[in-house]
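Notes to accompany the following structure.
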Amino acid sequence: MLLELSPDQEVLREATARFLADRVPADVVRGLRTNAAGFEPGYWRDGAELGWTSLLVGEEHGGGSVSGTGLVDLTLVAHEFGLRSAPGPLTSTNVVAATLAEAGGAHPAQASALGELLAGTAVASWCLGGPPPLDRLGSTGVSYRVEGDGLVLRGVARPVEAAGQADHLLVTAHGELGLTQVLVSPGATGGTGATGGTGDPGHAGLAGLAIEPLRTVELNRRFATVRFDDVHVGLDQVVGAVGEAADQVERQLQRAIVISGAEAVGAMQAAFELTVRWAFERYSYGRPLASYQALKHRFADLKTWLEAAHAISDAAAAAVDARSPEAAELVSAAKSYIGDNGTELLQECVQLHGGIGVTYEHDLHLFLRRGTVNRAMYGTPAEHRQRVAGLIEHRKEQE
Amino acid sequence: MTPSPDQESVEDFRARARAWIRANLAPLVTNEKTGVMRARLTDAEELAEVAREREIQRMLFDAGLAGICFPRVYGGQGLTPAHQRAFNEEITGYEYPARIQAPTFSPCAAVLLEFGTDEQKLRHLPAILRGDEIWMQFLSEPSSGSDVAGVLTSAVRDGDDWILNGSKIWTTGAWWSDWALCLARTNWDAPKHRGLTVFILPIRQDGVDVQRIEMLNGNKEFCQEFLTDVRVPDSDRVGEVDDGWTVGTRWMFHERMLHNSPFVTVPAGWSYGGVDATFLVDVARDAGRLDDPRTRELIGEGRVIDLVREALQGRIGRGIASRRMPDQSAAIGRLFAGLSSTRVTSMAFEIAGSAGAAWASDDGSVAECGNDFLLRQTTCIGGGTTEIARNVISERVLGMPREVAMDRDRAFRDVPRGGSGR
Ligand SMILES: Cc1cc2nc3c(=O)[nH]c(=O)nc-3n(C[C@H](O)[C@H](O)[C@H](O)COP(=O)(O)OP(=O)(O)OC[C@H]3O[C@@H](n4cnc5c(N)ncnc54)[C@H](O)[C@@H]3O)c2cc1C
C-alpha cells in the first residue's frame, strides 16, 4: 500500500477499514464458508455506497475517483480487503464496470448494467480463461461466430469468479474477426447473487448457458465453470466493436492483476503482523521465538519481501492508471513477484507458527487462501516472467 | 521536499542537464561496465579512467551540475532528491564518474556534511565536488569487518595531534585515492562502543603503506593499508573524542542507503553488482538459447527483479525521507540488493551453459560469466554483509531481542578476540 495517502484517500481507506471491521470480522468470514453466495447482498450494497465499485468509472457515468487516480484509490480498498480476507467480487465487478464505462454505455442495457454495478445492486463476472490448458495467459475458452445479425457463443470459461452470483457476465471470445467481448445476463434464475440467490448449478435462464460451481480454496469467494452451448447474443450486447476487444482485454487483465495483487499484499501484511506478534509471545527453551537468530533472519527476509511486494504493487497500479508504456511490464512483474513471494511468505508464516498454523480455528489460513488464489489466477508467475522476457526482447530489438 | 520558489524547477533542471550531458559526455559502449568486479583493465588503463572521471566531475562542477543535494555554500546545487533522480535518468547511457560516487559522496562526504566542522566542510566538500579529492572509508580491519566497532587501530593523543597505528582493509581503489575517513580506538578502558573516534587523513603520506590484494579473478583493486605512526592534527577529528560511534551509526546508515542516497548519482536501471536483466538477453543470444523457454523464464525473472528493486528502493527512500519508515529500513534495500544481484549473476552463468566454465574471447556476452559467478558473493559482503542487514532489520526495524554479546559492559581491552585472515 502507498506510504503517503492524500486526505481524501485516507478517508476512503479508513471508512472501508471500519466498515469491514464491523461487518466482516474473522468469525463472520469463517461463517461465510456455508453461505452459497459467499457474501450478503446488503453488505455489498453498503460497500458500494463507500465507493467500492465507482472508482474506475468516470463521473459522466456516475462514478468517480477520490484522487484522480481511480485504480490507485481502488488498491487502498483492495488492500483493506486483503487485511481481513473480506468477501465480495471486488476484482471482477470493478474490471467489468470500468470496461462498460469506457465503451461508452452506447446501448441502454449496458448503461443500466453499469448503473446496477455502481449502486451495488448487481455484481459482475469476467469469463476469460478456459479449462486447462486453456487457462494459460492469453488463452480464451470461448469462441464466437457471426450468424444473422448476432453472434453465437460456444465453449467453456473457467474458473469464473462469482459467475453463480453475477447478474452480468462479460465474456471474452475469440473468432475470425478477432477478440470480441459481449455482455450476457444469465437470466432470472441464474444471476441473483446480489439479490440473495444461490446460483444453483445448471439453472441459468438464458438458452444454452450453464453455470456449474467449482470447489475452491477460498472460503468466501465462489468460482464456477460457465458453459456456452450455442448461446445467441445480439450485436447490442457487444461491448465496443466486434473483433476489436484486444486492447480492452489487455486493460482488464492489467486492472484485475493490480486489484487482486493489492489484496494479496494486504493478506501478506496481515499474516506477517500476526506472525511477528506470535514470535514475541511464543516461548521455547525459556526464550521467545523472536530471540533466535535463525528465526530473526527469516523474519528479516519476509519483511524485505513484504516491502518489495508493496512497492511493486504500487508501481504497477500507478503505471496502469496513467496508461504508461511500462504498465504491461510492471503488471507482470507485480504478478510474478507477489505471486511467488506472497505465497512463500504466507507458507513461512505457517511454518513459524508450528501446528496451530495449519488449523481452521487460526486466522492464518484466511490470508493464505487469498494469496494462493491471487497466484493462480490471471496467469501464473512463470507465464508472466515469459511475458516480461518477450517485452524486453522486443524493446532491445527496437533500440 | 517541495522546491522553494526561487529554486530551479525539476523540469528546467532536467532540460539543462540533458543538454549539457549530450553536448559534453560520451555515450557508453554497451555492457562496458557489466559483470562483477571484472579484471578488465591494466593499471595504466585504470589510472586513465580515474583521471577521466576526475575530469568529468570537474566539468560537472563547472557546469553547475555537481553535488545536486549538497548545500550551495559547499559548492553544491542545494536542490532536492527529485532533481537528483532527474539527473540519474538523464545520465543513463552516458559516461559518468562511477568510481567517485561510493564511497566518496556517500558515506564519506555525507558523514562530513553531518558531523564535520565548518572548516572541514569548506576545505573538503568543494574539493570533492570538483573531483580533486577521492575518498575511501577506513573501517574494516583484518580482525573485524561486521563488528565494525571492534576496530583495533589505535589513536593516541600527542599534544595537538593524534598518532595512529594499525591496519585497515578491503578498500577498493585506495591505491589511486586521496583521503580517508578512519574509525580508530582512542580508549581501551571503555566498553567497545564508547572508546572510538573518527579522523580524516590523506592516504598518500609516509606512514600509510597501501598494499594491493589480488581478488580471485585477478582484479587488484582491493587494498590493505598499514598505518605506522601516522600523525593527524586534532583539527582533523570528526565528532567528539570517544564518541565515534555516534558518527559511526550514521556512517553505516549512509553506507546502507547505497545507491538510494540523494548524494549519489546512479544511472536509472543500474544494478548493484553490475549485472542487469537486459544483459541476460545478450548472454542468451550469444549462448544460442534465446528461444529456450527455461532461459526466457530466467530473463523474465531477472527483469522482474530489476523492476522490483527499483520500486523498493524508491519506496524506502520516500519512506525514510517522510519519516514513515525508520532510518534502519535502509537495511531492507541493502538485503534485497545483495540477494537480487547474486541471483542475476547466477542466472547469467546458468544461461551461458558450458561457456560458464571455458570461453573464447570472441564469444560475446557469455565470456566472463563464469568469473562473475566465482565472485558472486561480493555483493552480499561489501557494504556490510547480508547477515548483518538481517540482524538490523529484525532488531532495529522489527524490534526483536538483540543477540547476546560478550563485549558489553567491560573494558574493550578485556574483550576476547579471535584470529584474523590476514
Ligand atoms: C567489494 C567489497 C568492497 C568493500 N569495501 C570496503 C571499504 O571500502 N571499506 C571498508 O572498510 N570495508 C570494505 N569492505 C569490507 C566489508 O565491509 C567487510 O568484508 C564486511 O563487513 C564483512 O566483514 P569481514 O570480511 O570481516 O567478515 P566477518 O565479519 O568476519 O564475517 C564473516 C561471516 O560471518 C557473518 N557474521 C559476522 N557476524 C555476524 C553476526 N553477528 N550475526 C550473523 N552473522 C555474522 C558475516 O555475515 C559473514 O558471513 C568491502 C568488502 C567487499 C567485498
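Labels below follow one simple rule: chain letters A, B, ... track the order of the sequence lines, proteins then strands, and each chain is numbered from 1.
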Region of [X] in contact with chain B, defined by heavy-atom distances below 4.5 Å:
{"X": "A:Ala316", "result": "neither"}
{"X": "A:Phe280", "result": "side chain"}
{"X": "A:Asp340", "result": "neither"}

Using the side chain to side chain contact (heavy atoms under 4.5 Å, CB included) rule, take A:His297 and B:Ile393 through it: C-alpha gap first, then chi angles, then the decisive distance, then the call. CA-CA 8 Å; A:His297 280 197; B:Ile393 297 166; over 6 Å; no

Of the backbone (N, CA, C, O) and the side chain (C-beta and beyond), which part of [X] lies under 4.5 Å from a heavy atom of chain A, both, or neither?
{"X": "B:Val392", "answer": "neither"}
{"X": "B:Gln313", "answer": "neither"}
{"X": "B:Ile316", "answer": "neither"}

Between [atom1] on residue [X] and [atom2] on residue [Y], distance to nearest 0.5 Å:
{"X": "A:Glu393", "Y": "B:Leu290", "atom1": "CD", "atom2": "CG", "answer": "4.0 Å"}
{"X": "B:Glu301", "Y": "A:Tyr337", "atom1": "CD", "atom2": "OH", "answer": "10.5 Å"}
{"X": "A:Asp314", "Y": "B:Leu312", "atom1": "CG", "atom2": "CG", "answer": "11.5 Å"}
{"X": "A:Leu302", "Y": "B:Ser394", "atom1": "CG", "atom2": "OG", "answer": "11.0 Å"}
{"X": "A:Leu3", "Y": "B:Ile320", "atom1": "CG", "atom2": "CD1", "answer": "10.5 Å"}
{"X": "A:Thr304", "Y": "B:Ile332", "atom1": "OG1", "atom2": "CD1", "answer": "5.5 Å"}

Count the heavy-atom pairs under 4.5 Å between each of A:Glu326, A:Arg387, A:Arg395, A:His384 and chain B, then report the option with the highest count. A:Arg395

In terms of heavy-atom pairs under 4.5 Å, which option from A:Ala309, A:Gly390, A:Ala315, A:Ala308 contacts chain B the most? A:Ala308

Could you walk me through whether A:Glu4 and B:Ser322 pass the side chain to side chain contact (heavy atoms under 4.5 Å, CB included) check? CA-CA 9 Å; A:Glu4 290 174 276; B:Ser322 66; 3.8 Å; yes

Hey, is the main chain of A:Ala300 close enough, under 3.5 Å, to the side chain of B:Arg390 for a donor-acceptor pair? no

Start with the C-alpha gap between B:Leu307 and A:Leu330, add the side-chain angles, then the distance that decides, and say whether side chain to side chain contact (heavy atoms under 4.5 Å, CB included) holds. CA-CA 7 Å; B:Leu307 291 169; A:Leu330 283 164; 4.0 Å; yes

Is the count of non-hydrogen atoms from other residues, nucleotides or ligands lying under 6.0 Å from B:Arg285 atom CZ greater than 12? yes

Please determine whether the number of non-hydrogen atoms from other residues, nucleotides or ligands lying under 6.0 Å from atom CZ of B:Arg323 exceeds 12. no

Among B:Gly302, B:Gly319, B:Ala311, B:Ser329, single out the residue with the greatest number of heavy-atom pairs under 4.5 Å to chain A. B:Ala311

Going through the distances and angles, do A:Glu329 and B:Arg303 end up as a salt bridge (charged side-chain N to carboxylate O under 4.0 Å, His left out)? CA-CA 9 Å; A:Glu329 207 177 15; B:Arg303 179 65 182 157; 2.7 Å; yes

Would you say that A:Ile312 contacts B:Val304 through its side chain, given a criterion of any heavy-atom pair below 4.5 Å between the two side chains? no

Note, B:Glu387 side chain near A:Gln293 side chain (heavy atom, < 4.5 Å): no

Worked verdict on A:Lys296 versus B:Glu403 for side chain to side chain contact (heavy atoms under 4.5 Å, CB included): CA-CA 10 Å; A:Lys296 284 159 64 181; B:Glu403 287 303 302; 2.7 Å; yes

Considering non-hydrogen atoms only, spot the tightest contact between B:Arg315 and A:Ala311 and give its length. CD-CB, 3.8 Å

Do any of residues 293-300 of chain B have a heavy atom less than 4.5 Å from a heavy atom of chain A, and if so, which, in residue order? B:Pro293, B:Arg296, B:Glu297, B:Ile299, B:Gly300

